[in-house]
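Only a predicted model underlies this, so the values are computations on that prediction, with no experimental measurement involved.
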Amino acid sequence: MNDADVSKQIQQMVRFIRQEAEEKANEISVSAEEEFNIEKLQLVEAEKKKIKQEYERKEKQVQIRRKIEYSMQLNASRLKVLQAQDDLVNEMKEETSKQLLNVSGDSNYKQLLKNLIVQGLLRLKEPSVLLRCRKEDLALVDSVLQSAKDEYSDKAKVHAPEIIVDNVHLPPAPSERNEHGPSCSGGIVLASRDGKIVFENTLDARLDVVFRKKLPEIRRSLFGQTVV
């Protein structure tokens, strides 16, 4: 084999090695590209999942805040409605209290005082009691005291009790001068001599009792059956 043949054979071997190297390089490049694309896709999917989870977390937080705000607004509205209802009921009671002033000026007030005394005696059932009234009612009380004792004695089948009219009086009727001070629209207070039993039978006290009893009915009449 001459030099030309050797050189030719060497060149063929070089071309073969180069071709094989290029093919291997291409194979490595394609494989690397595939691995890169797979890894890139995995990273993108992982980031998309993280973003989705973060979005869902923030969306839940927004929903929770909205529910809390709605609940707070609803409670505030309920409180406003309840406050408005209470204000209306209190206004009605205040207006009724003002009407009590007309009772003590009525011609039937004397008979009412007698009935209040008899009722108090029947409640206490004491042989001796202390009676307290407004200063302006002293004359009326004195005028019905005996008949009240007799009526009680007849109803309770006992001896007529001793009634001592206290020299300390109930507050006067409400007026602009004592608008914020203690006041009494009329009626009496009875107590046992030892002071352990007290029966307040004033017009104001009776209004409070009736108002408490009738409050559900008053609310139904004013506001209906609606539950706030």
Side-chain angles (χ1 to χ4, degrees), residues 84-223:
Q85 291 180 350
D86 286 342
D87 290 344
L88 183 58
V89 170
N90 289 332
E91 286 176 13
M92 177 181 286
K93 187 178 180 183
E94 288 177 8
E95 185 60 31
T96 307
S97 296
K98 292 177 182 178
Q99 298 300 320
L100 288 179
L101 297 177
N102 299 327
V103 175
S104 60
D106 190 88
S107 58
N108 296 320
Y109 183 55
K110 180 178 177 180
Q111 181 62 38
L112 176 61
L113 277 175
K114 175 188 170 182
N115 294 339
L116 293 175
I117 295 170
V118 173
Q119 186 183 51
L121 292 172
L122 289 169
R123 182 66 64 89
L124 265 62
K125 294 182 179 179
E126 292 283 320
S128 180
V129 297
L130 188 68
L131 183 148
R132 184 173 293 180
C133 65
R134 301 185 306 177
K135 189 174 183 180
E136 57 263 43
D137 291 338
L138 277 173
L140 285 177
V141 168
D142 286 336
S143 68
V144 300
L145 210 53
Q146 188 57 51
S147 60
K149 290 194 289 184
D150 293 340
E151 184 175 334
Y152 164 73
S153 176
D154 183 59
K155 287 183 176 181
K157 307 301 179 186
V158 296
H159 292 294
E162 178 188 21
I163 300 179
I164 302 171
V165 179
D166 198 351
N167 55 9
V168 177
H169 307 113
L170 296 177
S175 65
E176 293 182 0
R177 287 186 300 176
N178 70 330
E179 185 177 356
H180 302 291
S183 63
C184 178
S185 299
I188 53 94
V189 174
L190 287 177
S192 58
R193 292 294 299 276
D194 57 10
K196 291 182 178 179
I197 307 174
V198 177
F199 181 58
E200 189 174 353
N201 213 13
T202 62
L203 301 183
D204 309 274
R206 292 182 69 86
L207 174 62
D208 288 338
V209 171
V210 171
F211 213 81
R212 282 197 300 270
K213 285 184 178 180
K214 293 290 184 180
L215 189 56
E217 185 178 331
I218 292 171
R219 286 188 173 277
R220 282 195 300 271
S221 177
L222 291 174
F223 314 118

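- Atoms CZ and CD1, from Phe223 and Ile218 in turn, are 10.0 Å apart once rounded to the nearest 0.5 Å.
- At least one side-chain heavy atom of Leu170 sits less than 4.5 Å from a side-chain heavy atom of Thr202.
- Remark: Glu200 pairs with no residue by the side chain to side chain donor-acceptor pair (under 3.5 Å) rule, at least two apart or across chains.
- Residues passing the side chain to side chain donor-acceptor pair (under 3.5 Å) test with Tyr109, sequence neighbours excluded: Asp137.
- With Arg134 contributing its side chain and His169 its backbone, the two residues share no donor-acceptor pair below 3.5 Å.
- A salt bridge links Lys214 with Glu217; the closest basic N to acidic carboxylate O contact falls under 4.0 Å.
- Closest heavy-atom contact between Val198 and Ala191: CG2-CB, 4.0 Å.
- For residues 105-129, the set of pairs meeting the salt bridge (charged side-chain N to carboxylate O under 4.0 Å, His left out) definition, not counting sequence neighbours, comprises Lys114-Glu151.
- With contacts defined as side-chain heavy-atom distances shorter than 4.5 Å, the pair Val103/Ser185 does not qualify.
- Contact check for Tyr152 versus Leu122: side-chain heavy atoms found under the 4.5 Å cut-off.
- Using a 4.5 Å heavy-atom cutoff, the side chains of Ile117 and Val144 are in contact.
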Kindly indicate, with the supporting measurements, whether the criterion salt bridge (charged side-chain N to carboxylate O under 4.0 Å, His left out) is fulfilled by Arg219 and Asp86.
-> CA-CA 9 Å; Arg219 286 188 173 277; Asp86 286 342; 2.4 Å; yes
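- Atoms CD and OG1, on Gln99 and Thr96 in that order, are 7.5 Å from each other to the nearest 0.5 Å.
- Val189 is not listed as a side-chain neighbour of Leu130, based on a closest heavy-atom distance of 4.5 Å or more.
- Taking every heavy atom of both residues into account, Ala148 and Val118 meet most closely at O-CG2, 3.6 Å.
- Arg206 pairs by the side chain to side chain donor-acceptor pair (under 3.5 Å) definition with Gln119, Asn201, not counting sequence neighbours.
- Considering only heavy atoms from C-beta on, Leu113 comes within 4.5 Å of Ile188 through its side chain.
- Closest of all the heavy-atom pairs between Leu138 and Cys133 is CD2-SG, 3.7 Å.
- Take Asp150 and apply the side chain to side chain donor-acceptor pair (under 3.5 Å) test, not counting sequence neighbours, and it matches Gln146.
- The two residues Ser183 and Ala173 come nearest to each other via the heavy atoms CB-C, 4.2 Å.
- Within the 4.5 Å cutoff, the side chain of Val129 has no heavy atoms near those of the Ile197 side chain.
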Compile the donor-acceptor pairs under 3.5 Å between side chains in residues 157-164 and protein atoms, sequence neighbours left out, one pair per line.
{"residue": "Lys157", "atom": "NZ", "partner": "Asp154", "partner atom": "O", "Å": "3.4"}
{"residue": "Glu162", "atom": "OE1", "partner": "Ser128", "partner atom": "OG", "Å": "2.9"}

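- One distance of note links SG of Cys184 with NZ of Lys135; it measures 15.5 Å at 0.5 Å rounding.
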